[in-house]
Amino acid sequence: MFLRFREEVIKTLGEYGDERFLRESEHSDLASTIAFKLAKELKKSPKEVADEIVEKIEVESDYIGSVESTNGYINFFASYEFLEDTINVILDEDENYGHLNLKGRILIEHTSANPDGPLHIGHIRNSIIGDTIARIFSKAGIDVKTHYYVNDMGRQTAITVLGVERFGLSDKKPDHAIAEAYVNANRLLESEPELEKHVEELMLKYENGDEEVVAKFVNAVNTALEGIKQTLGQINITHDEYIWESEFIRNGYVDKILKVLDEKNLIKKDGAWIIELEDFEKEVVVRRENGTTLYITRDLAYHLWKNENYSRFINVLGADHKLYASQLSKILEIIGLKPPEVIFFEFVSLPEGSMSTRKGKFISADELIERVKREAERILAGREIDDEEKRKIAEAVAVGAIRFDFVKVAPEKPMTFDWTKALDFERQTASYIQYSHARACSILRRAVEEGMPDLEFKGELCTAEERKLVMLLSKMPYFIGRVLNELRPNIFAEYVLSVASTFNDFYRLHPVLKADSELRMHRLAIVDATRIVLRNGLELLGIEPLERM
RNA sequence: GGACCCGUAGCCUAGCAGGACAGGGCGUGGGCCUCCUAAGCCCAAGGUCGCGGGUUCAAAUCCCGCCGGGUCCGCCA
């Protein structure tokens with residue numbers, strides 16, 4: 001809805017309707033700073049210019065209530081009609097509110113952690129960003145598919161296979177059992193370096209499709225993935241497909257991409273096949289001297305496949321892959337293929353330093369989920385709610401806290417993990433939003449018990465707080481649009497939080513159920529619309545909107 | 001050595017296609033439940049927006065240099 005208001009403002013400004021000078025403002029519903037820019041060339045003060053523009057423009061839009069010139073700013077205020085349409089559209093569209101009616105298909109690849117152990121708290125930053133982006137694209141109307149790219153051909157997979165051969169698998173959760181084998185095998189390799197040869201042989205045989213070795217790899221990888229899927233499921237994340245990199249060897253895409261590169265004369269054959277790239281110090285090897293391929297070769301093949309099947313594809317990657325990704329993109333561009341759009345996120349580290357699966361130095365996502373859940377249960381222990389519901393609430397609050405803590409931080413910010421913060425619900429976080437939602441539900445529940453009246457929102461009844469809340473509610477599609485353009489899910493988390501906070505201001509100052517009939521219908525409409533925005537917002541963040549807590 | 005990212009009150013964080021007093025939260029001090037859920041709300045203290053230059057009518061935001069932290073530069077993935 002806000003998007004419509006914005007368009008009307010641009011239209012009203014006519015020749016001055018440059019989007020670059022539109023600002024959201026605390027002084028108005030939308031402000032233009034264009035007078036500051038024009039002041040210089042017109043040799044007048046910004047205030048004079050703004051006054052003249054306001055004088056000149058004619059408001060024909062029903063959505064614009066008034067325009068004012070203040071200190072050089074041109075301030076636009078929404079009309080009652082806009083506020084009324086906002087509430088009515090939200091109530092009418094309900095679970096669809098937020099959609100943008102966009103078309104198209106998109107592929108989002110995220111998580112893609114090596115199948116050599118459980119996901120740790122760095123991996124799930126990837127998963128949470130990727131899943132949230134996927135949900136938001138989907139809401140906008142786009143057909144989204146998500147992929148987990150499985151690195152089954154790496155040295156680390158061969159080492160897990162060695163670990164399983166030597167030590168078997170314990171009866172721990174499958175991904176943790178694989179990690180144990182992996183860590184043990186790494187230790188073994190340190191004491192018996194001659195085993196290195198066996199690892200290489202395993203890799204070679206796997207690439208060449210040796211039946212017995214393939215079975216071992218498939219078993220090890222599937223074991224890890226089984227555990228990984230369980231973990232992701234716990235935080236409401238599923239992938240549409242798991243794509244194994246070995247598939248691209250077996251289905252001919254690797255040969256195909258090597259042929260294309262060769263035909264374009266990009267490859268220098270010096271035993272190994274090498275691509276030299278301008279602007280990069282290091283050359284890229286795409287085929288070893290022994291004839292086997294490298295990670296980037298298979299990834300190029302995967303991206304060839306993506307090009308053939310999707311017009312838009314996004315990868316969520318750790319910042320450590322920046323150089324790699326730019327090499328990949330460069331090569332794709334040279335051969336006329338589209339590079340992926342990439343969302344990079346910085347590392348999650350522990351107070352004592354960075355994590356390492358190989359050294360077994362990490363906090364697993366499972367441990368985090370378990371401990372946060374236990375803490376939520378502890379807080380609920382004294383409440384008068386039956387045990388079954390208590391358990392469900394604790395689970396929803398825990399998952400919400402985890403997802404929100406990761407998604408709210410801008411991807412480019414490095415994070416240091418802190419247990420006391422992870423376990424603290426007494427602050428503005430998912431539970432705060434869930435609580436606000438539950439409050440709205442509670443009011444509506446009582447209203448129904450008392451015989452729900454028709455909801456009727458009236459713009460002219462709005463107090464300042466109500467107006468502020470309704471304006472914010474109108475912005476949900478606008479923020480969804482911004483996430484699509486900027487690929488920064490944290491701005492949406494921030495938005496949902498601000499709705500909850502503004503609703504709490506409203507809640508404190510405005511009795512709803514005790515209000516007289518006209519005001520009561522008006523406020524119930526606001527509460528219901530807020531409930532819808534919070535519910536839809538939480539769902540887009542992958543967090544369960546609780547009706548009571 | 002080269003490249004990329006980050007640096008906002010004791011701690012965490014928003015803002016960074018330049019513009020109206022730098023928003024929140026945690027923690028600290030004080031206050032609010034005969035009234036729709038106190039996982040809430042209010043008040044107070046706390047800031048050289050890492051440092052130094054520059055561009056501009058205007059810089060947390062853009063440019064240059066430095067400092068601090070992280071990351072990357074394999075015929076690994």
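Residue numbers start from 1 in every chain, and the chains themselves are labelled A, B, ... in the order their sequence lines are given, proteins ahead of strands.
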Out of [options], which nucleotide sits closest to the side chain of [X]?
| X | options | result |
| --- | --- | --- |
| A/I443 | B/A20, B/A39, B/C36 | B/C36 |
| A/K40 | B/C5, B/C57, B/C72 | B/C57 |
| A/K421 | B/C12, B/A20, B/A77 | B/C12 |
| A/D320 | B/A14, B/U71, B/A20 | B/U71 |
| A/K37 | B/A58, B/C72, B/C6 | B/A58 |

Would you indicate what [X] reaches in the nucleic acid, counting non-hydrogen atoms under 4.0 angstrom: base, sugar-phosphate, or nothing?
| X | answer |
| --- | --- |
| A/L509 | nothing |
| A/Y324 | base |
| A/H437 | nothing |
| A/F21 | nothing |
| A/V527 | nothing |
| A/E289 | base |
| A/D505 | sugar-phosphate |
| A/R383 | base |
| A/F36 | base |
| A/N151 | sugar-phosphate |
| A/L380 | base |

Look at the side chain of [X] and the base of [N], then say whether one donor and one acceptor between them are separated by less than 3.5 Å.
| X | N | value |
| --- | --- | --- |
| A/N504 | B/A38 | no |
| A/R23 | B/A17 | no |
| A/S25 | B/A20 | yes |
| A/E346 | B/C4 | no |

**Request:** Measure the CD-CD distance between A/E196 and A/E200 for me, rounded to the nearest 0.5 Å.
**Result:**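 Separation between the atoms: 6.0 Å.
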
Can you tell me the base-pairing partner of [N]? Count Watson-Crick or G-U wobble geometry only, both distances below 3.5 Å, and say none if there is no partner.
| N | answer |
| --- | --- |
| B/C76 | none |
| B/A22 | none |
| B/A44 | B/U28 |
| B/C62 | B/G54 |

For [X] and [N], give me the distance from atom [atom1] to atom [atom2], rounded to whole Å.
| X | N | atom1 | atom2 | answer |
| --- | --- | --- | --- | --- |
| A/M415 | B/C5 | CE | C1' | 15 Å |
| A/F425 | B/G40 | CZ | P | 12 Å |
| A/R125 | B/U13 | CZ | P | 10 Å |
| A/E377 | B/A39 | CD | P | 18 Å |
| A/Q327 | B/A3 | CD | C1' | 12 Å |
| A/L317 | B/C5 | CG | C1' | 15 Å |
| A/R508 | B/G31 | CZ | P | 19 Å |
| A/F503 | B/A38 | CZ | P | 12 Å |

Considering only atom [atom1], compute the distance from [N] to [M] and round it to an integer number of Å.
| N | M | atom1 | value |
| --- | --- | --- | --- |
| B/G46 | B/G10 | P | 12 Å |
| B/C33 | B/A38 | P | 12 Å |
| B/U56 | B/C11 | C1' | 35 Å |
| B/G24 | B/C64 | P | 33 Å |
| B/G52 | B/C57 | P | 23 Å |
| B/A60 | B/C51 | C1' | 14 Å |
| B/C6 | B/G47 | P | 26 Å |
| B/G54 | B/A59 | P | 12 Å |

**Message:** Looking only at the aromatic ring of each residue, does the gap between the centers of A/Y242 and A/Y149 stay below 6.0 angstrom?
**Reply:**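 No, the ring of A/Y149 stays outside the 6.0 Å limit from the ring of A/Y242, centre to centre.
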
**Message:** Between A/Y253 and A/Y302, is the ring centroid distance below 6.0 Å?
**Reply:**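 Centroid distance A/Y253-A/Y302: not below 6.0 Å, so no.
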
Between [X] and [Y] (salt bridge meaning N to carboxylate O under 4.0 Å), is one present in this structure?
| X | Y | value |
| --- | --- | --- |
| A/E201 | A/K205 | yes |
| A/R125 | A/E346 | no |
| A/D51 | A/K47 | yes |

**Asked** With a 4.5 Å limit on heavy-atom distance, are the side chains of A/M521 and A/L455 in contact?
**Response**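 A side-chain contact is absent here, since even the closest heavy-atom pair is not under 4.5 Å.
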
**Request:** Would you mind reporting whether A/E245 and A/Y295 have side-chain heavy atoms less than 4.5 Å apart?
**Result:**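 Counting from C-beta outward, A/Y295 and A/E245 do come under 4.5 Å.
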
